[in-house]
Amino acid sequence: MIALVDCNNFYASCERVFRPNLENKPIVVLSNNDGCIIARSNEAKEIGIKMGEPAFKAKKKIEENDIRVFSSNYALYGDMSNRVMKILSSESSKIEIYSIDEAFLDFSNIASCKQKALFIREKVKKWTGIPTSVGIAKTKVLAKIANSIAKKYCKNGIFLLDGINLINRALKYFPVQDLWGIGTRLTKFLNSQGIYTAYELSKCNELWIKKNLSILGLKLVKELNGISCFPLENQISPRKNIRTSRSFSSGITKFEDLKESISCFASNCASKLRDQKSYTKKISVFIRTNPFKLNSKHYIGLKSLDLPTATNDTLEIVKYALKSLKSIYRENYIYKKGGVILHHILPDSNLQLSIFDSINREKRKSLMSVYDSINNKMGRDTVRLSVQGQNRKWRMKQEKLSPCYTTRMSEILNVKI
DNA sequence: TCTGGGGTCCTAGGACCC
DNA sequence: TCTGGGGTCCTAGGACCC
């Protein structure tokens, strides 16, 4: 058996842990730049706030219902996630951390799955303050369904989906568009073929599924029928792409300002790359105007560079990123977003040096290791390149940011007695 | 005024090889 | 008269996920 533990309304719950007075009150969390609503408490969902809705469109509902609004605080959510995952890891020898707020746990050889799930749920709640739901079933896809049932209908927050009759009943009621792996396009297609429930999909001909929904669709159908096709991935595999991109709070026109932001993004990518002990051989940079502005000129610039030698050196990655930027920058546009992407990522065991290489890589490696250790200890960007700049005109809008209660000494919670 | 960020995997089609 | 067959590898674009 596999258990899927999923934190309820995770970002909203993280904010609420440190504001117990907001218990039972509607709250929402906004995306970067305070743009869209990306998390809602149950109360906010009941009011009809939609996932992904732009904040300015929901303004009236927010004011009328006195909904509390937070900018996203990833330092807080990341740290809370680590705490939750640490507890889950202590309860199962095999665990796959699937996202910031959910994990699959191996529940084979457990005498009572329900009891175990209840125990885990209570422990996470007591130790972190985060409420969770647990779905238990034979395959990941069924566990996802079980979890969704647990969230909606089970007071104790857990649901064991087992036995052919119970599974069939659940699949008959489960809409096909809510299945893991079925998005809007496939929903439209399946509906056009008269398929509306998970049960109807599970009864489809496998050849037909493979032809129309690809190999992933076929695996999904098998999983619905209790045949495991998505095994529990115990190890964290290194990223195959690394990206840092941001919308700018106000539009940027000057090359100098773009240069600053792209340098910061590139430097951030380089740090992430070194964190996972990899190297990159391909760097892309993009800049774009605001697609929602209908009355102004639009432009998207994208440039990829293949590097002669794989690297994870900040200086080198920034240098290539700026070279790309120069080739795509056009005057007289208002840029709203930019980013850096590293592809073609290699582990350090696969490195091949170029005979024309002019960089002393041993020396640079030492430099980067000092650079990282200072920044890890003293905070991000304590040491940085001067090209990354000071004024950061493009900085994110975060008007409703909560304190970093768990990661910054100066912002730790005060209790008055 | 105002619309996020970071991933994965699959497939078709082109380039290239013998 | 008139030009095969079978591969591999890479990439862009699409779909999906949280």
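We name chains A, B, ... by the order of the sequence lines, and we start the count at 1 in each one.
- By the 4.0 Å N-to-carboxylate-O rule, A:Glu15 lies too far from A:Lys400 to be salt-bridged with it.
- When heavy atoms are screened at a 4.0 angstrom cut-off, A:Glu102 is found touching the sugar-phosphate backbone but no base atom.
- Counting any heavy atom pair closer than 4.0 Å across all strands shown, A:Ile182 reaches sugar-phosphate atoms only and no base atom.
- Within the nucleic acid shown, A:Lys210 has no heavy atom closer than 4.0 Å to any nucleic acid atom.
- Atom OH of A:Tyr11 and atom OG of A:Ser13 lie 12.0 Å apart (nearest 0.5 Å).
- Contacts of A:Lys336 with the nucleic acid, taken as non-hydrogen atoms under 4.0 Å apart, involve only primed sugar atoms and P, OP1 or OP2.
- At the heavy-atom level, A:Leu179 lies under 4.0 Å from the strands shown only through sugar-phosphate atoms.
- Map A:Tyr74 and A:Ile215 each onto its nearest nucleotide of DNA chain B; the residue landing nearer the 5' end is A:Tyr74.
- Contacts of A:Ile100 with the nucleic acid, taken as non-hydrogen atoms under 4.0 Å apart, are absent.
- We find that A:Glu91 and A:Lys116 are joined by a salt bridge, their nearest charged nitrogen and carboxylate oxygen being less than 4.0 Å apart.
- Of the residues near DNA chain B, A:Gly35 and A:Asn268, the one whose nearest nucleotide (by heavy atom distance) lies more toward the 5' end is A:Gly35.
- Ion pairing between a basic and an acidic side chain is recognised when a charged N comes within 4.0 Å of a carboxylate O; A:Asp306 and A:Lys281 show no such pairing.
- If you look at A:Trp180 and A:Phe104, their ring centroids are closer than 6.0 Å.
- Using a 4.0 Å heavy-atom criterion, one finds that A:Asp101 contacts the sugar-phosphate atoms exclusively.
- Residue-level contact check: A:Ser72 touches neither bases nor backbone, having no heavy atom under 4.0 Å from any strand.
- By the 4.0 Å N-to-carboxylate-O rule, A:Glu223 lies too far from A:Lys138 to be salt-bridged with it.
- Taking 4.0 Å as the cutoff to heavy atoms of chain A, we find the contact window on DNA chain B bounded by B:dC2 to B:dT11.
- Across every strand in view, C:dG6 sits in a pair with B:dC17 that passes the Watson-Crick or G-U test at under 3.5 angstrom.
- A:Lys397 comes within contact range of no nucleotide atom at all, as no heavy-atom separation falls under 4.0 Å.
- Note on A:Asn33: nothing from the nucleic acid sits closer than 4.0 angstrom, heavy atoms only.
- Taking a cutoff of 4.0 Å between a charged side-chain nitrogen and a carboxylate oxygen, A:Asp6 and A:Lys151 qualify as a salt bridge.
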